[in-house]
Amino acid sequence: MMEWSDRHCRILHRLLCDHARLYTEMVTAQAVIRGDRMRLIGFDAREHPVALQLGGAEPAPLAEAAKIGEEFGYDEINLNVGCPSDRVQSGRFGACLMREPELVAECVGAMRAVVSIPVTVKCRLGVDEQEPGEALRKLIASCAAAGTDTFIVHARKAWLEGLSAKENRSVPPLDYELVYAVKRENPALTIVLNGGIATLDQAEAHLRQVDGVMLGRAAYQSPAILADVDARFFGDSPHTVEAAVEAYLDYVASQLTQGVPLNAMTRHMLGLFNARPGARLFRRHLSENATRPGAGIKVLRAALAHLSRREEVAA
Ligand SMILES: Cc1cc2nc3c(=O)[nH]c(=O)nc-3n(C[C@H](O)[C@H](O)[C@H](O)COP(=O)(O)O)c2cc1C
């Protein structure tokens with residue numbers, strides 16, 4: 001997620017959960033080819049399994065970028081066919097590619113030809129006037145013919161005319177039934193459902209109908225939800241937020257020595273203690289202090305102390 005699932009966020013999420021697959025922010029193929037690669041797509045080995053999401057609509061640059069992603073060590077390359085922002089539309093990629101299933105299939109085919117890791121597609125149900133059942137089925141059929149077997153479907157259309165990117169994540173109605181139907185029609189494909197999943201109970205209910213679920217805003221805004229994922233879905237031991245925070249403190253300390261500003265890491269923690277005593281003071285302490293020049297680990301420790309102090313008072 002742009003501006004959200006950067007490498008620091010992904011480390012925090014990984015410390016809360018070993019098994020869920022993490023996705024980078026969308027990076028355009030041209031940026032991967034021409035930009036500062038370490039800054040754009042560098043990641044920590046602890047993040048595995050981790051997928052690189054690419055944006056683009058031209059087979060050759062996408063193939064080149066996918067190859068670079070594979071060489072960096074990513075576990076999956078994912079093509080974005082869901083982003084509705086104006087900037088992306090002017091580049092003619094993202095959600096507007098729902099209108100060009102053959103071109104998407106060509107892109108996917110070109111990427112698959114040069115990498116041996118999975119190439120997957122994240123899409124919408126359709127855009128604007130498209131009939132969702134038809135648009136989604138066409139896109140999936142074209143890409144499946146090009147060899148892709150995994151689709152992450154954000155279960156709503158994108159309305160490119162008239163809605164902002166943010167509105168496009170909540171205004172067009174969700175249609176989970178259509179995604180379930182597409183899974184039933186394509187038992188050999190891996191269909192992952194995304195959009196509006198707020199709790200692990202909801203995730204579990206969807207998993208009776210589809211192969212996987214993807215959580216966006218819920219995972220970012222309330223990351224503690226991830227601490228139960230390993231135990232609940234992967235038969236492994238649960239994590240605790242406390243242990244994750246201890247480990248993240250070590251990560252933050254080491255990144256500070258490399259010149260990473262404190263706020264770049266602590267901003268991903270703001271929702272970590274939601275609904276717990278002291279959470280508001282924790283957030284406020286970070287918001288007021290973590291952006292100050294030279295802010296160091298003491299600021300984070302002081303913010304955390306608001307939590308224990310409140311708990312002692314409550315006890
Ligand atoms: C701040 C923000 C940035 C996003 N950036 C991306 C992106 O780079 N690539 C992408 O496929 N989806 C992106 N999304 C969409 C989410 O991946 C997801 O499809 C959408 O929020 C619906 O799922 P949710 O209800 O679980 O959040 C973004 C969402 C948000 C809130």
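Keep in mind it's a predicted model, so treat the numbers as computed, not measured. Every number for a ligand or one of its atoms is a count from 1 in the order of the listing.
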Does some side-chain heavy atom of D230 sit less than 4.5 Å from a side-chain heavy atom of S237? no
Should the pair H19 and F234 be assigned to parallel (<30°), tilted (30 to 60°) or perpendicular (>60°) ring geometry? parallel
Which word best sums up how the rings of W4 and Y220 line up, parallel for under 30°, tilted for 30 to 60°, or perpendicular for over 60°? parallel
Donor-acceptor pair, distance only, cut-off 3.5 Å: does the side chain of N186 make one with the backbone of A188? no
I need the H285 NE2 to L300 CG distance, nearest 0.5 Å. 9.0 Å
Just do the side chain to side chain contact (heavy atoms under 4.5 Å, CB included) check on L15 and E246 with the steps written out, would you? CA-CA 10 Å; L15 292 170; E246 271 312 307; over 6 Å; no
Are there any protein N or O atoms under 3.5 Å from the N or O atoms of ligand 1? List them with distances, or say none.
residue	atom	partner	partner atom	Å
ligand 1	5 (N)	M2	N	2.8
ligand 1	8 (O)	M2	N	3.4
ligand 1	8 (O)	M26	N	3.2
ligand 1	9 (N)	Q53	OE1	2.7
ligand 1	9 (N)	N80	ND2	3.3
ligand 1	11 (O)	Q53	OE1	3.4
ligand 1	11 (O)	Q53	NE2	2.8
ligand 1	11 (O)	N80	ND2	3.4
ligand 1	11 (O)	K122	NZ	2.9
ligand 1	12 (N)	K122	NZ	3.1
ligand 1	17 (O)	K122	NZ	3.1
ligand 1	19 (O)	K122	NZ	2.8
ligand 1	19 (O)	H154	ND1	3.4
ligand 1	19 (O)	N194	OD1	2.6
ligand 1	23 (O)	N194	OD1	3.4
ligand 1	23 (O)	N194	ND2	3.0
ligand 1	25 (O)	G196	N	2.7
ligand 1	25 (O)	R217	NE	3.4
ligand 1	25 (O)	R217	NH2	2.8
ligand 1	26 (O)	G216	N	2.8
ligand 1	27 (O)	R217	N	2.8
ligand 1	27 (O)	R217	NE	2.8

